[in-house]
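Since the model is a prediction, treat every value here as computed from it, not as a measurement. Sequence lines set the chain letters: A, B, ... in the order given, protein chains first and strands last, and positions in each chain run from 1.
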There are 2 protein chains.
Amino acid sequence: MIDRDPVLSILDSPFARKLSAFVRLSHSDLAVMSDVYRRRRSFAVGVDMIHQGQTDQSAYVLASGWACSYKILPGGTRQIVDFQVPGDFLGLRSVLFRTSDHNVEPITPVQASEVKQRDLLAAFTATPRLATAVLWAASRDEAMVVEHLVDLGRRTASERMAHFLLELGARLRLVGMADRAGFACPLSQYLLADALGLSAVHVNRVLRELREDGLVTFQKGRVVFDDYEALVEFTAFDRAYLDHEGPLLI
Amino acid sequence: MIDRDPVLSILDSPFARKLSAFVRLSHSDLAVMSDVYRRRRSFAVGVDMIHQGQTDQSAYVLASGWACSYKILPGGTRQIVDFQVPGDFLGLRSVLFRTSDHNVEPITPVQASEVKQRDLLAAFTATPRLATAVLWAASRDEAMVVEHLVDLGRRTASERMAHFLLELGARLRLVGMADRAGFACPLSQYLLADALGLSAVHVNRVLRELREDGLVTFQKGRVVFDDYEALVEFTAFDRAYLDHEGPLLI
DNA sequence: GCGCCGGATTGATCCGCGTCAGGATCGGGG
DNA sequence: CCCCGATCCTGACGCGGATCAATCCGGCGC
């Protein structure tokens, strides 16, 4: 980096990249952000970062690595509600509210900045623009959950998979971790199965089908969009819910 | 009512009943609430109250009648995301954010109080306690959407149905429209199908099965819990997500 | 180099649920 | 009173996806 201003270096973070896509952040916004961003923690794969029912949680901003939030059912199966990628907020609700109603677990080794509740609220007061951006991101997450619900309720396995990969691509592009061609993806077929409400075996078959149809290829930890337009067409992917307008509040 | 204070009469409303279950509302809270509550509107069955992509919406508080929010898929099918019953907020997100990403449609004739964005924000500033209560309700709604997602992803048709009816019962009890025995329910089997990701035919079969197993009976617009405990057991219903702690913010 | 283990891959079989098709019932309007 | 539309109900059949069971592959510890 040529910048000598340490505050500006925060612009390299996925979090700042993502929020910048929505609001123009001032130098003082960035200063507050880099302050909040300072308390780094590492998490190993498979150890819950946030646990269901636990109180007085911190929230985190994912700096690197992937995580997933999920609920366990009696019977051992689980449903993954959402994946988190760098730049995503994580556990925001468990800070605003007292308890978390689901678990969050790292999929790869994770680096995340811990955000204490009081720091977050202080930052919100100091820089309303930052608060606006964070709320915008939160509302986008909620829209994704709704779309995921539609996936499970009314789309076939292949449509689900195609839709999921397109959405993931769009999210990663926002933080510079993907382009139209594809992206690196650490998700196993078991994880895909738990997210899409399928069995791992069927996930495999669906991926083969999409590959043989020349739409997407997901192999060796890499997703390649072989025919982006056809894929969008196939699953009736509508970007609208991802880049909706921002919040008016605050 | 023996009360002579007109403000206190708002306590009869489902909205106040619901929020009272969470916070103790002061007389001035009630005054603000009854003020916000004043602008009544009626809606006929089948005419969208909130339309996807529409901007500058109002929000509503349901006073009487039932509604549902849903998304349409190309192909004509739809997925119902949630039902709204009296006391529920409706379109809160489309006020906080600029556009709505789904439709809301009355299922029965509906009476609702229109809440303008500026009135809502003003009320929030005037009575933080009211804001707290509203945010609590919103977070509860979100938890229900997540639980609904788990339904579609990982529960069988009968478990889904059982879970859905139990949840609905719990919600209605909060506003005095149900007891442990059951409740009046205007939902057709087509609506249930669109919500649970099933075909109407299969909804019918599942209802018969639950009835013959002596768990619930849903006939002639009335849901009767024949064996509440067994039903809870059957679907592993966990009330925790419905009566979680309230928000800390504001 | 060998054994082990988690993930990917594939085939065979089974069953939950969708689809199609037809009745029955009921309330409302002409 | 009769017709019509909406809703409920039921049977026959087929398909999508689960389940069970192998096999294969690459990475890693020793």
Counting side-chain heavy atoms from C-beta on, which of [options] comes nearest to [X]?
| X | options | answer |
| --- | --- | --- |
| A:V201 | D:dT19, C:dT19, D:dG17 | D:dT19 |
| B:R208 | D:dG17, D:dT10, C:dT9 | D:dT10 |
| A:S188 | C:dG7, D:dA18, C:dT10 | C:dG7 |
| A:A157 | D:dC9, D:dG17, C:dT9 | D:dG17 |
| B:H202 | D:dC9, C:dT9, C:dC17 | C:dC17 |

Can a donor-acceptor pair under 3.5 Å be found between the side-chain atoms of B:R205 and the base atoms of C:dT19?
yes
Between [N] ([atom2]) and [X] ([atom1]): distance, integer Å:
| X | N | atom1 | atom2 | result |
| --- | --- | --- | --- | --- |
| B:M161 | C:dC17 | CE | C1' | 13 Å |
| B:E212 | D:dC9 | CD | C1' | 12 Å |
| B:L207 | D:dC8 | CG | C1' | 10 Å |
| B:R155 | D:dA18 | CZ | C1' | 19 Å |
| A:Q219 | C:dG7 | CD | C1' | 13 Å |
| B:N204 | C:dA24 | CG | P | 16 Å |
| B:E159 | C:dC17 | CD | C1' | 15 Å |
| A:L192 | C:dA8 | CG | C1' | 12 Å |

Give one of base, sugar-phosphate or nothing for A:G221, where a contact means two heavy atoms less than 4.0 Å apart.
nothing
Euclidean distance, [Y] [atom2] relative to [X] [atom1], rounded to 0.5 Å:
| X | Y | atom1 | atom2 | answer |
| --- | --- | --- | --- | --- |
| B:Y70 | B:D194 | OH | CG | 10.0 Å |
| A:Y228 | A:L215 | OH | CG | 13.0 Å |
| B:F43 | B:I50 | CZ | CD1 | 8.5 Å |

Using salt bridge (Lys or Arg N to Asp or Glu O under 4.0 Å), reason through B:D88 and B:R171 one step at a time and then give a plain yes or no.
CA-CA 10 Å; B:D88 284 349; B:R171 291 171 67 179; 2.7 Å; yes
Please compare A:Y190 and A:R154 by the position of their nearest nucleotide in DNA chain C and report the one closer to 5'.
A:Y190
When B:K220 and B:L198 are each assigned the nearest nucleotide of DNA chain C, the 5'-most assignment goes to B:L198
Distance below 4.0 Å between B:Q189 side-chain N/O and D:dA6 OP1 or OP2:
no
Using the six-membered ring wherever Trp is involved, compare the ring planes of B:F15 and B:F89 and label them parallel, tilted or perpendicular (cut-offs 30° and 60°).
perpendicular
